[in-house]
Amino acid sequence: MPGQLLVRFILLQKRLLRKGSFLLMLCLAPLLAAGVGRLSEESAGIATIALYLPEGDAAAQETSGRLLKEKGVLRYLLCEDGEHARRMTETGEADAAWIFAEDFSERIEELAGRRRVRPVVTVVERKDSVSLILGREILSAAIYPSFSYAVYTSFVRDELGLAEITDEELRRVYDSVAVEGSLFQMMYADETPGESEDFTYVQAPLRGILAIWFTFVGLAASLYFMQDEERGVYGKVPVKKRLSAAYAVGAVFLLDAALVLLLSCKLAGVFTDGKREVISCAVFALCVLAFTNLLRMLCRTPRRLGMIFLPLLAAMLALCPVFLNLPYFKAGKLLLPPWYYLQSIHNMRYIYEMAIYTVILMLASIVLQQVRSRAA
């Protein structure tokens, strides 16, 4: 029996690999992933900042180092002087200009000691936008460490009267009590602790797109089975055993797609823990197999199944956390396999929920199959 199953698997696999449409479907995911992975390494952003830094100012150089070392949503263009940065903004080459003061360090110290308030960075913007509001927050976060150290130095020397203490000693004590890492701990809604992912905004939606692609591979498998069924390929298979045949065909499709999915996540740089990725992908494959076969049985004809492709795509894009994670329509989300998969990567609880949902779908399919076999 296992030998026969292996032979059938090899024959079906060979038949699929001869189909150009199936190979093209499999190639789309890694090509997209490789492109996204390459794009995330390039200098790209949702806003371009013309940046002027005075030479010889240590605090300004430290601040710029914090800005430039991070791969984020902003792209920086270094300018020769402040006027050059302004011109780039006026001509549309940049969305904003950040012009650091020539005496940046001195102004930070004055501000920290509350002796005088002068702008440390001049911000010139063509128009206000969400990306530039975010940019100002990024700029403030980059300036803050220098300002924090200046406040600390001013307090120790002026308020505590320890003017004779050296800069080296001040820095040593400051660094010894500095908080490393994030001041905040990420927690999911079910109070499960989590970790933030080191992904760029370009990479973020890729897993969701791949999950939807995987679901459509399952739908394609069901459509493929229905077309074969209409041609009489399964004419000798009893009606009550058609569900098992459909699962076998879908399993071959999704086994190939699962390997491509894992490879694509690796290529795109969104791969997390290997064990969790494999387990989550395996349960997701079973869930998609059960989901698409139940849809196949409900639609009954290839034409009807094809008609739900676009509405289903719209529902998954809207309800699954691909681009946005909306807090509404929870009941609709619970009906879509990609939602469970995308949640399970961060929280093991959703793997169990996805498995329970899969069992419910399979039982519903079996009941529907029994009803139809009796009717036949």
Side-chain angles (χ1 to χ4, degrees), residues 35-154 178 182-184 196-206 268-270 323-324:
V36 169
R38 180 68 180 273
L39 183 61
S40 66
E41 296 175 359
E42 299 293 330
S43 177
I46 60 175
T48 302
I49 307 297
L51 191 62
Y52 168 66
L53 302 165
E55 296 182 3
D57 191 301
Q61 295 300 323
E62 287 180 8
T63 302
S64 67
R66 299 185 195 105
L67 291 171
L68 299 176
K69 76 177 181 179
E70 295 292 337
K71 292 181 179 179
V73 296
L74 302 178
R75 184 167 68 99
Y76 301 101
L77 300 176
L78 297 178
C79 301
E80 299 174 356
D81 51 45
E83 284 303 315
H84 183 203
R86 289 177 185 272
R87 284 196 303 273
M88 292 188 70
T89 306
E90 292 170 357
T91 58
E93 297 176 70
D95 298 296
W98 294 350
I99 304 170
F100 281 64
E102 296 290 344
D103 53 348
F104 180 83
S105 297
E106 182 180 336
R107 295 192 183 196
I108 285 287
E109 291 175 2
E110 289 175 353
L111 185 61
R114 291 174 293 181
R115 298 190 300 272
R116 191 177 178 185
V117 177
R118 292 188 291 170
V120 293
V121 178
T122 301
V123 177
V124 180
E125 298 175 351
R126 297 184 66 204
K127 61 179 180 179
D128 202 10
S129 65
V130 174
S131 59
L132 294 182
I133 293 173
L134 174 61
R136 292 196 291 272
E137 295 297 327
I138 292 173
L139 175 61
S140 299
I143 294 173
Y144 179 77
S146 298
F147 175 70
S148 172
Y149 181 69
V151 170
Y152 162 75
T153 302
S154 175
S182 176
L183 294 173
F184 304 96
S196 59
E197 297 174 328
D198 188 21
F199 301 155
T200 68
Y201 75 100
V202 176
Q203 295 168 293
L206 180 70
V270 297
F323 298 100
L324 294 173

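Residue indices begin at 1 and follow the sequence shown. Hydrogens, waters and symmetry mates are skipped; everything else that's a heavy atom, side chains included, is used.
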K.L.:
Just to verify, what does Glu83 make a side chain to side chain donor-acceptor pair (under 3.5 Å) with, not counting sequence neighbours?
P.N.:
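Glu83: no side chain to side chain donor-acceptor pair (under 3.5 Å) contacts found.
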
K.L.:
Test of understanding: with side chain to side chain donor-acceptor pair (under 3.5 Å), list the residues that count as partners of Ser148, not counting sequence neighbours.
P.N.:
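By the side chain to side chain donor-acceptor pair (under 3.5 Å) rule, Ser148 matches Tyr174.
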
K.L.:
Which residues satisfy the side-chain contact (heavy atoms from CB on, under 4.5 Å) test with Ser140, sequence neighbours excluded?
P.N.:
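So Ser140 forms no side-chain contact (heavy atoms from CB on, under 4.5 Å) with any residue.
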
K.L.:
Got a sec, which pairs hit salt bridge (Lys or Arg N to Asp or Glu O under 4.0 Å) with one end in residues 48-59, sequence neighbours left out?
P.N.:
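Of all non-adjacent pairs touching residues 48-59, none passes salt bridge (Lys or Arg N to Asp or Glu O under 4.0 Å).
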
K.L.:
Looking at CZ of Arg86 and OG1 of Thr122, how far apart are the two atoms once the value is rounded to the nearest 0.5 Å?
P.N.:
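The OG1 atom of Thr122 is 6.0 Å from CZ of Arg86, to the nearest 0.5 Å.
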
K.L.:
Run the side chain to side chain donor-acceptor pair (under 3.5 Å) test against Glu62 and tell me which residues pass, sequence neighbours left out.
P.N.:
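Expected list: none.
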
K.L.:
Do the side chains of Val121 and Leu139 get nearer than 4.5 Å, heavy atoms only?
P.N.:
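Result yes, sub-4.5 Å side-chain heavy-atom pair found.
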
K.L.:
Nearest 0.5 Å, what's the CG-CD1 distance between Leu67 and Ile138?
P.N.:
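These two atoms lie 8.0 Å from each other.
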
K.L.:
Between Glu125 and Thr89, what is the shortest heavy-atom contact and its length?
P.N.:
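Looks like C-CG2, 4.2 Å.
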
K.L.:
Write down the atom of Phe147, the atom of Ile108, and the distance for their closest heavy-atom approach.
P.N.:
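Heavy-atom minimum between the residues: CA-CG2, 4.0 Å.
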
K.L.:
Closest heavy-atom contact between Cys79 and Ala85?
P.N.:
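Reported closest heavy-atom pair: SG-CA, 3.7 Å.
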
K.L.:
Heavy atoms only: give me the nearest Ser146-Thr63 pair and the separation to one decimal.
P.N.:
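So the two residues come closest at OG-OG1, 3.7 Å.
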
K.L.:
Which heavy atom of Val124 sits nearest to which heavy atom of Ile99, and what is that distance?
P.N.:
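Val124 and Ile99 have their closest heavy atoms at CG2-CD1, 4.4 Å.
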
K.L.:
Calculate, to the nearest 0.5 Å, the distance between atoms CZ and OG belonging to Phe100 and Ser105 respectively.
P.N.:
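Answer rounded to 0.5 Å: 11.0 Å.
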
K.L.:
If you look at every heavy atom in Tyr52 and Glu102, which pair is closest and at what distance?
P.N.:
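Of all heavy-atom pairs spanning Tyr52 and Glu102, the closest is OH-OE2, 2.5 Å.
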
K.L.:
A side-chain contact here means heavy atoms from C-beta on lying under 4.5 Å apart; do Tyr144 and Arg66 qualify?
P.N.:
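No - every pair of side-chain heavy atoms lies 4.5 Å or more apart.
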
K.L.:
Please determine whether salt bridge (Lys or Arg N to Asp or Glu O under 4.0 Å) holds for the pair Glu93 and Arg87, giving the CA-CA distance in whole Å, both sets of side-chain angles, and the decisive distance to 0.1 Å.
P.N.:
CA-CA 8 Å; Glu93 297 176 70; Arg87 284 196 303 273; over 6 Å; no

K.L.:
Which residues pass the side chain to side chain donor-acceptor pair (under 3.5 Å) test with Arg107, sequence neighbours left out?
P.N.:
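For Arg107 the side chain to side chain donor-acceptor pair (under 3.5 Å) partners, ignoring immediate neighbours, are Asp103.
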
